[in-house]
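First the structure, in the form of structure tokens, and then the observations on it.
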Amino acid sequence: MDDSRDDPIRSLRFDDPDLEERLDAFVVALGEQIDLIQEAERTGEWQELAARAEALAGEAESLGFPPLDRAARHAALLSKQGNPADTRKGVVDLTDVVRRVRLGHRALP
């Protein structure tokens, strides 16, 4: 799938019937996960942000969401570097990718 800024993102594994429920649950939980990451950024809890983003990245990778994996890993890296402005940018970018994943999943037949 094209990784342009506005395109919905689908899992590369969306047609795997064994993953259907897991994919649904993952996408539904994304809202809460990104809220927790945003809250950690807002309060300056860099280690918490990095841990949550890394966990999200691992799950995104295993479920076939490379753009989400990359964005979450990047947000985690920026958080570990401790620059608030850079971390905020990483979280904003991650939030946008989450939005695109949710759009792509809803578009599934």
Kindly indicate whether the side chain of Thr87, heavy atoms from C-beta on, has any atom under 4.5 Å from the side chain of Leu49. yes

Working to the nearest 0.5 angstrom, can you tell me the gap between Asp96 CG and Asp6 CG? 7.5 Å

Report, as yes or no, whether the 6.0 Å neighbourhood of atom CZ on Arg99 holds more than 12 heavy atoms from other residues, nucleotides or ligands. yes

Side-chain contact test, heavy atoms from C-beta onward, threshold under 4.5 Å: evaluate it for Leu68 versus Arg100 and give yes or no. no

Spatial distance of atom CD (Glu54) from atom CG (Asp69) [nearest 0.5 Å]: 11.0 Å

Working to the nearest 0.5 angstrom, can you tell me the gap between Glu41 CD and Lys89 NZ? 13.0 Å

In Å and rounded to the nearest 0.5 Å, what is the CD to OG1 distance from Gln38 to Thr95? 4.0 Å

Between Phe65 and Leu30, is any pair of side-chain heavy atoms under 4.5 Å apart? no

For a quick test of reading the model, state the closest non-hydrogen atom pair linking Ser79 to Ala50 and the distance between them. OG-N, 3.8 Å

Is it true that Ser11 and Arg22 share a donor-acceptor pair across their side chains at a distance under 3.5 Å? no

Hydrophobic cluster membership, Leu19 vs Val101, 4.5 Å side-chain cutoff: yes

Heavy atoms of Arg102 and Gly31 approach each other most closely as NH1-CA, 4.1 Å

Side chains of Gln33 and Arg52, heavy atoms from C-beta outward: is any pair under 4.5 Å? no

To the nearest 0.5 angstrom, please state how far the CD atom of Glu48 sits from the CD1 atom of Ile37. 9.5 Å

Answer whether the closest heavy-atom distance between the side chains of Asn83 and Leu78 falls below 4.5 Å. no

List the steps, then state whether side chain to side chain contact (heavy atoms under 4.5 Å, CB included) holds for Glu32 with Leu36. CA-CA 6 Å; Glu32 182 178 351; Leu36 292 168; 4.2 Å; yes

Inspect the surroundings of CD in Glu20 and state if more than 12 heavy atoms from other residues, nucleotides or ligands are less than 6.0 Å away. no

Which heavy atom of Ser62 sits nearest to which heavy atom of Arg13, and what is that distance? O-NH1, 2.6 Å

